[in-house]
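Worksheet: the structure to be examined is printed underneath.
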Amino acid sequence: MISLKIHNKEEKWMEGYDSLAAQNKEALFLAQKGEEEYGDSQGWLDTEEWADEKRIRHLETLAADIRQNADVFVLIGVGGSNNAARSVIKALQLPDTPEIVYAGNTLSAHAMQQMLGKLEGKSIYVNCIAKNFETLEPGAAFRVLRKYLQERYGNKAPDRIIATGTVGSSLEKLCMDNGYAFLEFPDNIGGRYTAVSNVGLLPMAVAGINIRELVRGASDMQKELRERTAEENIAYRYASLRNLFYSRGYRIEMLACFEPRFRYFYKWWIQLFAESEGKDNKGIFPVAGEYSEELHSVGQFLQDGTPIIFETFLDIKEHQESFYMETDGKKDGFNYLDGKDFWCINKEAYKATVTAHSEKIPCLTLEIDRLDAYHFGQLFYFFQFACYLSCKLMGVNAFNQPGVEAYKKKMFDALGKQLEK
Ligand code: PA5
């Protein structure tokens, strides 16, 4: 399970929390039931809707087949179509599973060449994930890769292509016309909420991740958050605290962790909150702190700079791995580390940082028991539900993203998209 801790709660920035949390209970009640006005975006609220036993079994079978035949699995997708899978794969991929290569998330010519370079002489499978198949990056990369597969595998190329798109989309038509396998992208979930569906689960399963456990984690968290009252509901408390800090002028939230395996999870989290909450001239700007490395850069600002950031630490409770410091017998000024476990050294660094930073700014800790597929499932559901609640408290729609259209129109005009027949 996930627990939420508030550090230095007697400090002035907690004033008003109780009345704010009491006032907004109606928002929790509505979110727990699901709201008709967001009916086309809440397919994730009930994990069972898109990650039921039948779907899990299908994905496990498909992934086992790909694992058997592929050296490289190319995941084409951007934003909500690749962030969740990449965050878990980068943290938990099993050995002896296909190398996962990411494409469709950049327009860089250099990156395109690098990506193709990784495929030479290897057995390749491709999964193109796109909700409506109009996004430029995945569309362009899929073109390049289809041609590449055609040249390498001839009429066997379609056997190596899986597309994940919505029923009735142009991507589904492309699959039907060309004999590619097709997986359903939930039509009632926006990309950034699709971790626990075909979108996130197929690539994770190819990388050997236990998706059954991940779904179980999400589903346990669902019960927790949709049934608990405001007083004992951690998502509600977290959402209320974010809004309280925001009202006090803390306009940036830093998600910070001392475990580098969370590096790509930050990207998922940043997208979720930035795209859901940042609208109507409102929103908390989400950033990540990769500690302990970034204590030597942004740490200065947090401790001593303009107080506009609050910090949410992500911490792991169990002692999962050890690496002991041995001495080489030389006097180097680090003898106080002799015999110590890096796990413990890292934990002391975390505790010291929380103590120091919470003297200056609001600090929270979200603690998970261990880093595994089950807890990734919990984290996905927890943050999605908390984000939805936080947006409700802030008075914005958590599920649209009108702000990303402005640059697209100009770019498509410049590229001549409107002229295509
Ligand atoms: O969360 C969202 O809806 C977006 O970030 C999308 O996931 C992203 O823009 C990719 O869209 P698509 O899957 O249609 O290519």
Side-chain angles (χ1 to χ4, degrees), residues 38-45 50 74-89 102-107 126-146 161-175 180 182-204 264-279 283 285-286 379-381 383-388 390-391 396-412 415 417:
Y38 301 129
D40 60 354
S41 310
Q42 293 198 322
W44 58 274
L45 208 50
W50 290 99
V74 186
L75 195 181
I76 304 174
V78 68
S81 291
N82 83 344
N83 273 335
R86 184 173 54 173
S87 70
V88 182
I89 293 167
Y102 299 89
N105 54 353
T106 172
L107 297 169
V126 169
N127 181 199
C128 176
I129 309 177
K131 186 162 184 181
N132 60 14
F133 200 47
E134 283 180 16
T135 310
L136 180 55
E137 292 88 341
F142 194 26
R143 269 197 155 197
V144 171
L145 282 152
R146 286 197 310 268
I161 298 176
I162 305 119
T164 309
T166 45
V167 171
S169 65
S170 58
L171 184 55
E172 187 192 30
K173 182 166 186 322
L174 193 67
C175 291
Y180 311 146
F182 179 74
L183 271 181
E184 194 172 354
F185 192 124
D187 59 350
N188 60 352
I189 314 186
R192 57 192 179 275
Y193 292 84
T194 54
V196 191
S197 75
N198 286 339
V199 176
L201 297 175
L202 177 69
M204 292 180 206
Y264 286 89
F265 182 75
Y266 297 137
K267 281 190 177 263
W268 174 83
W269 178 86
I270 285 172
Q271 185 204 351
L272 177 70
F273 278 93
E275 218 172 16
S276 301
E277 203 173 58
K279 55 196 64 152
F285 189 70
L379 285 171
F380 285 133
Y381 198 93
F383 278 122
Q384 288 176 191
F385 193 79
C387 179
Y388 166 33
S390 188
C391 290
V396 297
N397 177 343
F399 304 112
N400 65 2
Q401 52 281 328
V404 297
E405 295 309 317
Y407 89 88
K408 278 189 196 169
K409 188 178 174 331
K410 293 188 194 312
M411 175 182 69
F412 285 138
L415 291 171
K417 182 183 177 191

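Since the structure is predicted, the reported quantities are computational estimates derived from the model, not experimental observations. In each ligand, atom 1 is the first atom listed, and ligand 1 is the first ligand listed.
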Min N/O separation [X] to ligand 1 under 3.5 Å:
| X | answer |
| --- | --- |
| Phe185 | no |
| Gly191 | yes |
| Lys408 | no |

[atom]: the protein heavy-atom neighbour that sits closest, reported with distance to 0.1 Å:
| atom | result |
| --- | --- |
| atom 11 (O) of ligand 1 | Thr135 OG1, 3.6 Å |
| atom 10 (C) of ligand 1 | Val78 O, 3.3 Å |
| atom 7 (O) of ligand 1 | Gly80 N, 3.0 Å |
| atom 5 (O) of ligand 1 | Gln271 NE2, 2.6 Å |

Heavy-atom contacts with [X] under 4.0 Å: which atoms of ligand 1 show up? List them by number with element.
| X | answer |
| --- | --- |
| Lys131 | 12 (P), 13 (O), 14 (O) |
| Asn132 | 14 (O) |
| Ala130 | 13 (O), 15 (O) |
| Arg192 | 1 (O), 2 (C), 3 (O) |

_Donor-acceptor side-chain pairing of Gln42 and Tyr193 below 3.5 angstrom_ =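 Side-chain D/A pair, Gln42 to Tyr193: absent.
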
*Indicate, as side chain, backbone, both or neither, the part of Glu275 found under 4.0 angstrom from ligand 1 when only non-hydrogen atoms are considered.*
side chain

Exam field: side chain [X] to backbone [Y], donor-acceptor pair closer than 3.5 Å:
| X | Y | result |
| --- | --- | --- |
| Asn83 | Trp268 | no |
| Thr135 | Pro138 | no |
| Ser276 | Phe399 | no |
| Glu277 | Phe273 | no |
| Tyr381 | Leu45 | yes |

*Considering only heavy atoms from C-beta outward, does the side chain of Phe383 approach that of Trp269 to under 4.5 Å?*
yes

*State if Glu134 counts as touching ligand 1 under the rule of any non-hydrogen atom under 4.0 Å.*
no

*Return yes when at least one protein heavy atom is under 4.0 Å from atom 14 (O) of ligand 1, and no when none is.*
yes

*Please determine which of Thr194, Asn127, Asn198 meets the side-chain hydrogen bond (donor to acceptor under 3.5 Å, both in side chains) test together with Thr164.*
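Exactly one pass, corresponding to Asn127.
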
*Check the angle between the aromatic planes of Trp44 and Phe385 and answer parallel, tilted or perpendicular using the 30° and 60° thresholds.*
perpendicular

